Amino acid sequence: MIRLLPLLLIVLALPPAPAAAATTTVCALSCDTLDPSRAQQETFPLPDKNINGRKIQLHVSVPDGMDWASIDLGQAGDSVWLDRSWDGGATWEGLLGKASIPSTWTGTRTLMYNIYDPVGHRRGVIRACGDANAVGCTDWLYPNVCDKLCDNTSPSQAVGDTQPVAPTSIYGRTIRLHTDANGMAWATMEGNGPGDEVWLDRSWNEGASWPDGSSLGRTTTGRTTMFATRDPRAKLYGGAIRACGKEATHSNGSCTAWARPTPTRAGAAADALMYSYDTYQAWWPSSWWNSAATLTALIDYARQTGNHDYDWVIGRTFDVNKGSFPAGVKSSDPIDGDFISRAIDDSAWWGLAWIAAYEYTHDQRYLTEATTIANYVNGFWDTSTCGGGVWWDRERTYKNAVTNGLYLRLTAALHLDTPGDSTWGQRAITAGNWYLNSGLINGANQVNDGLTADCRNNGQTVWTYNQGLAIGGFDELYKATGNGAWLTIASRLANAASTGIITESCEPNCDDNQKQFKGILARYLAELGDQPFLQTQANSLWANDRDALNHLGLRWAGGSPNPADWRTQASALEALTATQSPAGG
């Protein structure tokens, strides 16, 4: 059923302006020039434009984030096209998809173009134009940003008042940036005089540029209205904001540092994480297993907080990545389809992601996918070496902790989620017994990396994610069987890891894999309810490991150097989600 959009704030079509740079193809959920027959929806959010009796219409598919233009009641040679602007309508890419009415026809339409560019961190506005012995255009679509509230809302509606960065001063005036619990922002100037101005700048690319968000709310009253810093419709969640001002008798101005609002700790971390999600390729470039673990972290966040802003990411990641990919596209290994590759542990990470997706959405396709992956992983269990265990790779070169921790967790979860199952439950018990007696767990109740060729503990590094997977595996086995002995083992392993601030032995020089390990431990410690310890982790990383853009780094206790990227962000999100009240910090 077609659902009409609410009529949002619009601006009048601007007079002709210099064209923007040459058009480049934008790919969001789909790429520019998609045929309108493939649109998921058709709405008409703006009034039509009449040109000499011809009707120019802007058509919008909200689920696709795309639109197209049409002309009707016309004559041969009349034409229609789209204009798209990345700076709020000051300049634009013109004549997009231009089409002329053929002989004997009375109308035609363009192809579809993206309104937004979340991959390139740009927010667009768009309009339909036509030429029928005169040129005319509809209004621009969506010049105002709307989240929980819309641009230009009065600060009287603010929910709280946080100042995320230090104020700036100029000629005795103090300029402050304010944000609230809804992610709205406003600016104030103290000590101001007649003619002094204050405003906001808003950037979708972390302050690198702000073509559609310059001088927002510019005023001489000393206080701007409020502006949104998230645009869920455009899939832009992590907008940065700063407050600026100038004294009336001087031309120079001053601005605060850029900041992202922090409505909640976990919410702020999730928004910053989504900045790195590639909506078109549907993953976090460019790490395959890390993307699976990151998707699981995002699902955990949604489940624990009730925030559904990112639910679309689950289906998008599944649909785009379920197929096969040659080596070098998603991984150094070929992906054979169904998220399977020669790396057995990588495959199992995706199995756990789809288990999490199923338990959150109850969509059967995710359980089916997890089962397909688990059957593949189970094919690498054998008893001819070390009496059991799953091999790490298709070449069967190594039996290690990560692969077997994943297998234990996956089989126990499948037993719990599959009605009437006996097969996966028995496999989980077999895996638990083997793991416990394999030698992977050392005398200090810590998990070393793997086994030697003659099936002894190899004494290699105790990585936090190996410890976490063992805890999560034995805890899930307890839930699957009701046997308290498994919970005792999980608790013993958790106690061995619950001291101080969690630190990876490689810090601060961890590789891209190791950057994400600590979050896995936090995820599974949360299942055992060690809230004081987990709250200590969250408090430390929030106080010592965060910048004004809510980037969260590798070192939860802080320090320098402290690398930060989407892997460290996902790891820290796990710790923030693991606290007792993640929606509130």
Side-chain angles (χ1 to χ4, degrees), residues 5-14 45-46 60 62 65 67 84-92 115-118 121-127 138-164 175-189 197-207 209-245 255-256 258-263 267-268 271 274-275 309:
L5 292 173
L7 184 61
L8 300 178
L9 293 175
I10 58 175
V11 294
L12 296 177
L14 297 176
L46 297 179
V60 178
V62 176
D67 64 3
R84 181 171 61 192
S85 173
W86 303 108
D87 55 13
T91 61
W92 53 83
I115 309 172
Y116 312 111
D117 182 14
H121 307 295
R122 298 184 296 172
R123 182 180 180 275
V125 294
I126 206 157
R127 65 184 181 182
T138 67
D139 299 321
W140 289 106
L141 180 72
Y142 304 144
N144 274 7
V145 178
C146 290
D147 185 16
K148 293 181 180 178
L149 297 172
C150 291
D151 284 352
N152 282 307
T153 299
S154 170
S156 65
Q157 297 188 47
V159 182
D161 183 351
T162 299
Q163 297 180 34
I175 301 161
R176 298 183 187 275
L177 175 65
H178 306 258
T179 62
D180 80 344
N182 285 325
M184 302 295 288
W186 68 102
T188 61
M189 177 184 281
E197 294 180 297
V198 64
W199 66 89
L200 291 168
D201 288 338
R202 179 173 59 200
S203 172
W204 302 109
N205 60 3
E206 300 190 326
S209 64
W210 48 102
D212 73 323
S214 178
S215 297
L216 298 177
R218 195 173 188 122
T219 180
T220 58
T221 67
R223 178 186 294 266
T224 70
T225 53
M226 295 198 301
F227 288 80
T229 59
R230 304 170 78 254
D231 188 356
R233 181 173 51 214
K235 296 179 172 52
L236 294 167
Y237 302 97
I241 203 88
R242 68 180 181 180
C244 301
C255 297
T256 68
W258 291 99
R260 284 188 175 117
T262 56
D271 280 347
M274 279 302 300
Y275 182 84
D309 283 353

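All of these numbers come straight from a predicted model, not from anything done at the bench.
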Between Trp210 and Trp258, does the ring centroid distance fall short of 6.0 Å? yes
Within the 6.0 Å centroid threshold, strictly below: Trp86 and Trp204: no
Run the salt bridge (Lys or Arg N to Asp or Glu O under 4.0 Å) check on Arg127 and Asp139 step by step: do they pass? CA-CA 6 Å; Arg127 65 184 181 182; Asp139 299 321; over 6 Å; no
Point-to-point distance, once rounded to the nearest 0.5 Å, from [atom1] of [X] to [atom2] of [Y]:
| X | Y | atom1 | atom2 | result |
| --- | --- | --- | --- | --- |
| Thr225 | Arg223 | OG1 | CZ | 11.0 Å |
| Trp186 | Thr153 | CH2 | OG1 | 11.5 Å |
| Thr256 | Leu177 | OG1 | CG | 5.0 Å |
| Cys150 | Asp231 | SG | CG | 9.5 Å |
| Ile241 | Met226 | CD1 | CE | 12.0 Å |

Of all residues at least two apart in sequence or in a different chain, which pass the salt bridge (charged side-chain N to carboxylate O under 4.0 Å, His left out) check with [X]?
| X | value |
| --- | --- |
| Arg176 | Glu190 |
| Asp87 | none |
| Asp180 | none |

Could you please spell out the steps behind the side chain to side chain contact (heavy atoms under 4.5 Å, CB included) verdict for Thr188 and Ile175? CA-CA 6 Å; Thr188 61; Ile175 301 161; over 6 Å; no
Which heavy atom in [X] sits nearest to a heavy atom in [Y], and how many Å separate them?
| X | Y | result |
| --- | --- | --- |
| Trp199 | Ser215 | CD1-CA, 3.4 Å |
| Arg202 | Leu216 | CB-CD1, 3.6 Å |
| Met189 | Glu197 | CE-O, 3.2 Å |
| Val60 | Leu141 | CG2-CD2, 3.6 Å |
| Glu206 | Ala240 | CA-CB, 4.2 Å |
| Phe227 | Leu200 | CD1-CD1, 3.8 Å |

With no hydrogens and no angle check, is any side-chain donor or acceptor of [X] less than 3.5 Å from a backbone partner on [Y]?
| X | Y | value |
| --- | --- | --- |
| Thr229 | Gly239 | no |
| Asp151 | Val145 | yes |
| Ser203 | Asn205 | yes |
| Ser214 | Pro211 | no |

Less than 4.5 Å apart, side chain to side chain, heavy atoms only: is that true for Arg230 and Pro232?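 A side-chain contact exists here, since the closest heavy-atom pair is under 4.5 Å.
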Student check: side-chain heavy atoms of Asp147 and Asn182 closer than 4.5 Å: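 They are not in side-chain contact.
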Passes side chain to side chain contact (heavy atoms under 4.5 Å, CB included), Tyr116 versus Arg122? Steps please. CA-CA 7 Å; Tyr116 312 111; Arg122 298 184 296 172; over 6 Å; no
Cut-off 3.5 Å, side chains only: do His178 and Thr162 have a donor facing an acceptor?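 Absent: no donor and acceptor within the cut-off.
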Is it the case that the side chains of Tyr142 and Arg123 hold a donor-acceptor pair, with the cut-off being a distance below 3.5 Å and no angle test? no
Passes side chain to side chain contact (heavy atoms under 4.5 Å, CB included), Trp92 versus Arg84? Steps please. CA-CA 5 Å; Trp92 53 83; Arg84 181 171 61 192; 5.9 Å; no
Within 45° cone and under 6.0 Å: Arg260 NZ/CZ vs Tyr237 ring: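 The answer is no, since Arg260 fails at least one limit relative to Tyr237.
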